[in-house]
Amino acid sequence: MAIQGLEIKFEGYDTILNECVNQKAIREGQRVHSHMIKTHYHPPVYLRTRLVVFYTKCECLGDARKVFDKMPNRNVVSWTAMISACSQRGYASEALNLFRQMLRSGTEPNAFTFASVLTSCKGALQVEYGMQIHSLIVKSMFESHIYVGSSLLDMYAKSGKIHEARGVFEGLPERDVVSCTAIISGYAQMGLDEEALELFRRLQREGMTCNYVTYASVLTALSGLAAVDHGKQVHNHVLRSELPFYVVLQNSLIDMYSKCGNLSYSRRIFDNMSERTVMSWNAMLVGYSKHGKGREVVELFKHLRDQNRVKPDTVTFLAVLSGCSHGGMEDRGLEFFDEMVSGKDGVEPEIEHYSCVVDILGRSGKVEEAFEFIKQMPFEPTAAMWGSLLGACRVHLNVDIGELVAERLIEMEPENSGNYVLLSNLFASMGRWEDVRNVRELMNEKAVIKEPGRSWIELNQTLHTFHASDRTHPRKEEVFAKVKELLEKIKQAAYTPDLSCVLHDVDEEQKEKILLGHSEKLALVFGLIDTPPGKPVQVMKNLRICVDCHNFAKFVSKVYGREVSLRDKNRFHHIIGGICSCGDYW
DNA sequence: GTAGGGTTAG
């Protein structure tokens, strides 16, 4: 592509630039552009557009913008190329500004424009504008366009409006792998894992094609559900289909197996990878962290530092710090944090890392230090931090700081009933029963359980879900009878219900009944009924496990000689012979 | 000429 010294006209420039776009030949394209300037050639709109496209494709957004700004007339392609480049690089407000200017200039958007601009309308605030764009789309008859439709449904899904997303999806005249994947991952990203799985299975029956993005999305849902039987099926599909971007899928598989309780499978995949990204390391570190394997976290992080291909990032340090906290490696955790502050790996601590340090200090009994740490840190404390510290006060029986902390926490979140339970637990563990009763008074009437508790267990490829005091499960009678039988046995082994976990204004007998109806107990008991004696049982819960249920599970493991695994919102509890891997701190 | 979906976190 020698152009120097040649007399070039439109066709010549056009051909060469097109070639440069295809080959991403940045230098060559820049020389073509310079040649135009040097020879005082004034390119027509078409060629200027070609330049804009060239620069955006070569990720030279600034140069693209310069050409774009100098254009006397702009067409839909140049506008769209700019909007799309901004959207793809995460400059959402710039993309929206350009779109507004485009409308003002009188240029009609086409399907390409709508599909691009919607990418910049994700989130609770932007979706308002996205909905206005939606009505423009309806007016211009692009609603059924497959690219526009999938971008539209993705916008709704990522803004928390999953019903609207589903509506757009159902209204599409045809479906393809992208629109199907977008709606499945929409459910998965909102934590609606059962819905995601159900839809995936339905669409599969209806002949949907899957690619690596589809499987990655479904694996996210299966991780959430800890549905290991389904996960293994997907793993088989992946192995058979020789999909591209296998690293992404291996990362998802590492995550899925570890969240299903099978760490050794995760490690096997990790060890056999021919190429690893930072996400591969992070997924493995998170796995160890959630299982309370502190030593393994520290060891793997050392490997990561020793190899020079992948650099740790902010998520790596979250995994490492929370791994040290969950795994009883508090001192190492504090050292890692100090190393972050000193700039050792070039990752600056953010508020989440500070939150991990609060956890670490609290767990190791340094409650005062944690309190000071929160007061001095360069961020506003979050409710989660105060909550973690209040938990520490309960375990380490520090009622002075506990009351101070609870005051702030309840001020921040007066409606979160979980906070009152924590405070009630604290007073109860100090034997201050009058105060336990006062907490009930303190709890204002608006306090609600944010998210209803739900527990489930996977047996023979079937998920059995239980809610508190479940009256809907087909085998509820059998489950309730077994709960009573169990209760007698473990009471003989000195189990006493922890009534401070119930804040309802009822008598003690009622409180005990409410406790026995907690979903994790029902799921656990169901697992005992439906599996042979001696076999390990694994139960999942969508929230943090309650103090009484944790204790209940410990007694069950001891009295019935069962290994019990409980996966709650934050971590795994592996209970053997009445002893839990969390060391009774979570 | 310009376009849509994905993996790790707490």
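Because the structure is a prediction, the values reported are computed rather than measured. Every chain is numbered from 1 and lettered A, B, ... according to where its sequence line falls, protein lines coming before strand lines.
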Report task. State which of B/dT2, B/dT7, B/dG4 makes the closest approach to the side chain of A/Asn251. Result -> B/dT7
Requested in this report: Select base, sugar-phosphate, or nothing to describe what A/Asn18 touches, counting heavy atoms under 4.0 Å on all strands.
Outcome: nothing
Query raised in the report: Considering only heavy atoms and no angle criterion, is a donor-acceptor pair shorter than 3.5 Å present between the side chain of A/Ser151 and the base of B/dG4?
Result: no
**Report entry** Length of the line joining A/Phe68:CZ and B/dT2:P, which is rounded to integer Å
**Finding:** 16 Å
Query raised in the report: Contact class for A/Val177 (heavy atom, under 4.0 Å): base, sugar-phosphate, or nothing?
Result: base
Report summary line: Whole-Å distance, A/Ile269 CD1 to B/dT7 C1', equals 13 Å
Requested in this report: Assign A/Leu152 to base, sugar-phosphate, or nothing according to its heavy-atom contacts below 4.0 angstrom with the strands shown.
Outcome: nothing
Requested in this report: Give, for atom CG of A/Leu321 and atom CG of A/Leu285, the distance between the pair rounded to the nearest 0.5 Å.
Outcome: 11.0 Å
Report task. Check every strand shown and say whether A/Tyr212 touches a base, only sugar-phosphate, or nothing at a heavy-atom separation below 4.0 Å. Result -> base
Query raised in the report: Within this structure, what is the CG-to-P distance between A/Leu17 and B/dT2, rounded to whole angstrom?
Result: 13 Å
Report task. Would you mind telling me which of B/dG10, B/dT2, B/dG4 lies closest to the side-chain atoms of A/Val77? Result -> B/dT2
Query raised in the report: When all nucleic acid strands are considered with a 4.0 Å heavy-atom cut-off, which category describes A/Ser87: base, sugar-phosphate, or nothing?
Result: nothing
Report task. Look at the side chain of A/Asp176 and the base of B/dG4, then say whether one donor and one acceptor between them are separated by less than 3.5 Å. Result -> yes
Query raised in the report: Without hydrogens or angle criteria, can the side chains of A/His35 and A/Tyr13 be said to hold a donor-acceptor pair below 3.5 Å?
Result: yes
Query raised in the report: What is the nucleic acid contact for A/Asp313, judged by heavy atoms within less than 4.0 Å: base, sugar-phosphate only, or nothing?
Result: nothing
Query - Length of the NE2-C1' vector between A/His326 and B/dA9, whole Å - result: 12 Å
Requested in this report: Mind checking the SG-CE spacing from A/Cys356 to A/Met340? Nearest 0.5 Å is all I need.
Outcome: 9.0 Å
**Report entry** Side-chain N,O (A/Lys158) to OP1/OP2 (B/dG6) below 4.0 Å
**Finding:** yes
Report summary line: A/Lys290 atom NZ is separated from B/dT8 atom P, nearest whole Å, by 11 Å
Query raised in the report: Contact class for A/Val286 (heavy atom, under 4.0 Å): base, sugar-phosphate, or nothing?
Result: sugar-phosphate
Query raised in the report: For B/dA3, does OP1 or OP2 lie under 4.0 Å from any side-chain N or O of A/Gln88?
Result: yes
Query raised in the report: Which part of the nucleic acid, if any, lies within contact of A/Asn110, taking any heavy atom under 4.0 Å across all strands shown: a base, the sugar-phosphate backbone alone, or nothing?
Result: base
Query raised in the report: Nearest of B/dT2, B/dG5, B/dT8 to any side-chain atom of A/Ala283?
Result: B/dT8
Requested in this report: Using a heavy-atom cut-off of under 4.0 Å over every strand shown, decide if A/Ser355 touches base, sugar-phosphate, or nothing.
Outcome: nothing
Report task. State which of B/dT2, B/dT7, B/dT8 makes the closest approach to the side chain of A/Ala81. Result -> B/dT2
**Report entry** Nearest-Å distance for atom pair CG/C1', residues A/Leu321 and B/dG10
**Finding:** 12 Å
Query raised in the report: Which of these nucleotides, B/dG6, B/dG5, B/dT2, is closest to any side-chain atom of A/Val248?
Result: B/dG6
Query raised in the report: Checking only heavy atoms, does the side chain of A/Asn211 share a donor-acceptor pair with the base of B/dG6 at less than 3.5 Å?
Result: no
**Report entry** Selection from B/dG10, B/dT8, B/dA3 that lies nearest to any side-chain heavy atom of A/Val315
**Finding:** B/dT8
Query raised in the report: Side-chain donor-acceptor pair under 3.5 Å between A/Thr15 and A/Asn18, yes or no?
Result: no
Query raised in the report: Looking for any heavy atom pair under 4.0 Å, which part of the strands does A/Glu350 touch: base, sugar-phosphate only, or nothing?
Result: nothing
Report summary line: Considering only heavy side-chain atoms of A/Lys259, the closest of B/dT8, B/dG6, B/dG5 is B/dT8
Query raised in the report: With no hydrogens and no angle check, do the side chains of A/Ser280 and A/Thr277 hold a donor and an acceptor under 3.5 Å apart?
Result: yes
Query - Side-chain ion pair, A/Glu28 and A/Arg31, N-O less than 4.0 Å - result: yes
Report summary line: With the side chain defined as heavy atoms from C-beta on, A/Tyr147 is closest, among B/dT8, B/dG6, B/dA3, to B/dA3
Requested in this report: Take atom CG of A/Leu219 and atom C1' of B/dG6, then tell me their distance rounded to the nearest Å.
Outcome: 11 Å
Query raised in the report: Atom CZ of A/Arg50 and atom P of B/dT2: how far apart are they, to the nearest Å?
Result: 8 Å
Query raised in the report: Which part of the nucleic acid, if any, lies within contact of A/Phe114, taking any heavy atom under 4.0 Å across all strands shown: a base, the sugar-phosphate backbone alone, or nothing?
Result: nothing
Requested in this report: Before accepting this row, confirm whether a basic side-chain N of the pair A/Glu94/A/Arg65 lies closer than 4.0 Å to the acidic partner's carboxylate O.
Outcome: yes
Query raised in the report: A/Thr220 has a side chain; which of B/dT2, B/dG5, B/dT8 sits nearest to it?
Result: B/dT8
